[in-house]
Peer 1: 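Before we start, here is the structure in question, set down as structure tokens.
Chain A is the first sequence line, chain B the second, and so forth, proteins listed ahead of strands; every chain is numbered from 1. Here the structure is a predicted model, which means the values were calculated and not measured.
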Protein chains: 2
Amino acid sequence: MNIKEVARLAKVSTATVSRTINGSDKVTAETAERVRRAIEALKYYPNTNARALGSGRSSLYGLIISDITNPFFPELVKSFEDVAVQFGQEVLVANTNYDPHRMEVCVSRMLQRKADGVAIMTSEMEEHLIDELSSRRIPLVFLDTGTPQEGISNIAIDYASGIDAAVVHLTSLGHTSIGFIRGPMALTSARIRYRAFIDSMKRKGLTIDDRLIEEGNHRMDGGHEAMMRLLDKSVRPTAVLTSNDMTAIGALGAMFERGLKVPDDMSIIGFDDIELNTFAKPGLTTVRVSRKEIAKVAFHALYEARDNPAARGAEFTIQPTLVERKTTGPALPKRASRQPAKRLVAR
Amino acid sequence: MNIKEVARLAKVSTATVSRTINGSDKVTAETAERVRRAIEALKYYPNTNARALGSGRSSLYGLIISDITNPFFPELVKSFEDVAVQFGQEVLVANTNYDPHRMEVCVSRMLQRKADGVAIMTSEMEEHLIDELSSRRIPLVFLDTGTPQEGISNIAIDYASGIDAAVVHLTSLGHTSIGFIRGPMALTSARIRYRAFIDSMKRKGLTIDDRLIEEGNHRMDGGHEAMMRLLDKSVRPTAVLTSNDMTAIGALGAMFERGLKVPDDMSIIGFDDIELNTFAKPGLTTVRVSRKEIAKVAFHALYEARDNPAARGAEFTIQPTLVERKTTGPALPKRASRQPAKRLVAR
DNA sequence: GATACGAGTGAAATCGGTTACAATCTCACC
DNA sequence: GGTGAGATTGTAACCGATTTCACTCGTATC
């Protein structure tokens with residue numbers, strides 16, 4: 001069942017079959033119909049490998065992510081795939097597992113499969129690998145890289161405005177003592193968020209108390225431990241921002257374990273808005289970074305750039321939005337009745 | 001930068017370059033070294049499409065899942081990819097989005113890319129699509145299909161033993177009034193789990209009270225609503241099993257909203273053991289179905305069957321294991337103070 | 001020293017499509 | 001009836017690898 005057999009059955013040349021498949025207009029309706037019937041009868045599926053080889057177009061778009069089990073990514077992957085399918089393109093997802101060596105494997109896969117474009121949504125990236133890709137004129141789009149580069153598109157996330165919205169939300173609720181659980185400073189994204197927090201606090205004329213700043217690992221356990229450390233201190237903020245949602249959820253768990261209530265005893269705001277939050281108890285107030293939007297923008301950037309070199313190196317910005325749920329509330333005056341035991345019963 | 005240029009630079013034929021790349025033993029160490037240097041110098045990456053076309057081997061293994069945002073799948077995908085990478089193979093993941101039409105797209109992708117094997121981990125599957133694949137002699141492995149088929153491998157999950165373990169755990173804690181929140185009966189997996197529950201209850205000589213059985217949708221909201229309905233009834237079980245973890249987590253949320261405590265007021269057991277549970281508050285007792293194990297078994301089944309037709313149609317069984325966390329406890333005598341109103345205030 | 005053998009290498013066919021170019025056919029128009 | 005343009009279709013080169021088969025060259029064997 002290759003194109004020749006289809007051609008024989010339909011009594012046409014392979015060129016005509018190919019044209020029919022690819023929707024070329026240079027085929028009579030009747031001929032096309034005959035070809036289509038032959039395809040149907042033989043249950044013929046064109047060989048993608050041969051197609052890509054012959055045409056020089058793979059119709060394949062690479063998506064490199066860190067780790068699909070990181071809740072930030074599934075929705076991104078799904079949205080990216082959805083858009084791609086709409087355009088009749090395919091997606092090749094590769095996980096780096098945060099490992100530079102695996103990253104090389106991923107890039108090499110993209111190169112070997114002749115991807116028509118590659119979206120890189122991880123923070124760990126090495127210069128020489130980027131060169132490898134861009135020197136082959138493969139359209140690239142990065143998520144949120146700090147340093148823009150010639151000919152490489154970038155999707156920036158306006159952290160400043162996102163964090164600002166969170167801080168404003170808190171101050172409007174009367175909070176002035178605001179803490180922050182940052183991510184590991186080795187991560188670009190964590191550093192940027194932390195810096196945005198510092199800047200925002202300064203802009204609002206709020207004092208930054210180093211004691212109210214802890215570091216997690218962008219996972220639940222790290223958030224949990226960071227909040228524990230925070231709660232063990234002599235000073236306690238009335239609100240805490242976190243570097244991502246997983247951290248916030250971990251922190252929420254720590255509050256729960258200590259018998260403290262959110263938002264009464266402390267307001268907590270996450271970052272990212274992973275699906276999970278909708279159902280967290282209580283629902284997590286967070287700064288949403290729409291994965292659907294990122295995926296859409298990324299795919300379009302690549303798709304555009306495929307035939308149009310001028311479209312390369314475009315800059316996009318995603319505006320985060322504050323999503324108010326249940327973990328933020330008015331700053332309450334400290335109450336005497338802050339005994340864990342009592343609240344545990346009340347639950 | 002194709003094989004010819006490498007051959008020219010290394011002053012050998014393309015055949016020798018190909019042999020070197022593929023680790024054929026018929027190449028002198030010196031020649032191989034010269035070729036390798038040429039490859040390095042030209043930053044040559046062999047074209048996968050041409051390779052697949054020439055050799056008839058795609059080195060590609062398909063993994064068809066329902067929806068990557070369903071928390072059951074990310075770990076499965078990751079593990080599958082990890083094993084594949086170990087064997088130098090590639091993975092093509094396709095989402096059906098629970099849509100039969102998309103399923104066709106997925107199967108067609110596998111066919112067009114000439115996948116060396118396909119693991120189908122969704123419940124929705126149509127006969128004619130299976131035929132399409134198996135008639136082309138593509139090794140297949142299904143997860144947990146009810147009806148075994150000639151030449152198609154299957155990974156069964158021993159639900160009976162898993163559910164049994166859960167029921168035994170509960171009875172040993174003194175529970176006799178056990179409810180069940182099942183999944184949508186249209187789903188094979190949900191039906192099987194439900195039947196396993198009924199069977200297990202009967203085997204233990206426990207009575208099945210229809211009023212204690214509700215139906216969710218395998219998502220959080222469904223579990224939440226189902227539990228709400230359950231709590232509104234005049235009879236209330238002391239323990240509830242659920243068809244999957246998301247349902248259990250939703251149910252947990254409902255308990256929380258009603259001001260009820262888990263496990264004091266009710267024990268809850270999930271099914272699957274998705275990553276999330278470790279950090280649920282309280283940690284969810286559940287029946288673990290190891291995704292890592294499934295992925296490993298699935299890949300090996302396909303990899304084996306690639307060159308060895310005799311290996312097709314093998315049957316595997318995964319044993320679920322009970323993971324005791326914090327949502328199960330002794331059956332407590334009913335207390336008088338069970339008024340929702342009071343608890344609502346306390347929240 | 002002739003013969004056979006095996007290891008290493010190269011020439012060329014092949015995989016299954018796409019596509020540039022050539023060929024043919026149709027039909028309007030003079 | 002001849003001509004030319006435009007629409008269809010076919011022929012064949014090509015994409016970049018793999019792989020069969022043939023060839024060359026030591027080297028062991030007699």
Peer 1: Atom CD of A/Glu30 to atom C1' of D/dT8: distance rounded to whole Å?
Peer 2: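 Distance check: A/Glu30 CD to D/dT8 C1' gives 11 Å.
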Peer 1: Nearest whole angstrom, please: distance from the P of D/dC15 to the CD of B/Glu5.
Peer 2: 11 Å
Peer 1: Give the ring-plane orientation class for B/Phe299 versus B/Phe80, where under 30° counts as parallel, over 60° as perpendicular and anything between as tilted.
Peer 2: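 Perpendicular, since the angle between the ring planes exceeds 60°.
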Peer 1: Think A/Tyr44 has a side-chain N or O under 4.0 angstrom from the OP1 or OP2 of C/dG17?
Peer 2: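 For C/dG17, OP1 or OP2 has a side-chain N or O of A/Tyr44 closer than 4.0 Å.
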Peer 1: How sharply is the helix from C/dG1-D/dC30 to C/dC30-D/dG1 bent, taking the axes over five pairs at either end and rounding to 10 degrees?
Peer 2: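 Rounded to the nearest 10 degrees, the bend comes out at 50°.
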Peer 1: For the residue pair B/Asn22 / B/Ser24, report whether a side-chain donor-acceptor contact shorter than 3.5 Å exists.
Peer 2: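 Looking only at side-chain atoms, B/Asn22 and B/Ser24 do not form any donor-acceptor pair under 3.5 Å.
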Peer 1: Once you round it to whole Å, what is the distance between P of D/dT18 and CG of A/Asn49?
Peer 2: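 Distance check: A/Asn49 CG to D/dT18 P gives 13 Å.
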Peer 1: Between A/Asp82 and B/Arg102, is there a side-chain N and carboxylate O pair less than 4.0 Å apart?
Peer 2: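 Here A/Asp82 pairs with B/Arg102 in a salt bridge, since their nearest N and O are under 4.0 Å apart.
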Peer 1: Taking the basic N atoms (NZ, or NE/NH1/NH2) and the acidic carboxylate oxygens, is any pair closer than 4.0 Å for A/Glu30 and A/Arg34?
Peer 2: no
Peer 1: Can you identify which nucleotide, out of C/dG10, C/dG8, D/dG10, has its nearest atom closest to the B/Ser13 side chain?
Peer 2: C/dG10
Peer 1: Just do the salt bridge (charged side-chain N to carboxylate O under 4.0 Å, His left out) check on B/Glu90 and A/Arg109 with the steps written out, would you?
Peer 2: CA-CA 9 Å; B/Glu90 283 194 70; A/Arg109 276 179 71 184; 2.7 Å; yes
Peer 1: Which part of the nucleic acid, if any, lies within contact of B/Thr31, taking any heavy atom under 4.0 Å across all strands shown: a base, the sugar-phosphate backbone alone, or nothing?
Peer 2: sugar-phosphate
Peer 1: I need the CD-P distance between A/Gln112 and D/dT18, as an integer number of Å.
Peer 2: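 After rounding, the reported distance stands at 11 Å.
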Peer 1: Rounded to whole angstroms, how far apart are NZ on B/Lys4 and C1' on C/dA11?
Peer 2: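 Nearest whole value for this atom pair: 13 Å.
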Peer 1: Roughly how many Å is it from CG in A/Leu53 to C1' in D/dA13, rounded to a whole number?
Peer 2: 13 Å
Peer 1: Check this for me, if you would: do B/Asp307 and B/Arg57 make a salt bridge, where the nitrogen-to-carboxylate-oxygen distance has to be below 4.0 angstrom?
Peer 2: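 So B/Asp307 pairs with B/Arg57 through a salt bridge.
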Peer 1: Regarding A/Gln112 and B/Asn47, is there a side-chain donor-to-acceptor distance under 3.5 Å anywhere?
Peer 2: no
Peer 1: Any chance the side chains of A/Glu104 and A/Ser108 put a donor and an acceptor closer than 3.5 Å?
Peer 2: no
Peer 1: Produce a footprint string for nucleotides 18-28 of chain C: one letter per nucleotide, 5' end first; B if the base is under 4.0 Å from any protein heavy atom, S if only the sugar-phosphate is, - if neither.
Peer 2: SBB--------
Peer 1: Does A/Asn2 have a side-chain nitrogen or oxygen under 4.0 Å from the phosphate oxygens OP1 or OP2 of C/dG16?
Peer 2: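 Answer yes for this pair, as a side-chain N or O of A/Asn2 is under 4.0 Å from OP1 or OP2.
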Peer 1: Can you label the angle between the A/His300 ring and the A/Phe87 ring as parallel, tilted or perpendicular, going by 30° and 60°?
Peer 2: perpendicular
Peer 1: Using whole Å, what does the distance between atom P of nucleotide D/dC21 and atom NZ of B/Lys26 come to?
Peer 2: 13 Å
Peer 1: Once you round it to whole Å, what is the distance between C1' of C/dG16 and CG of B/Asn47?
Peer 2: 14 Å
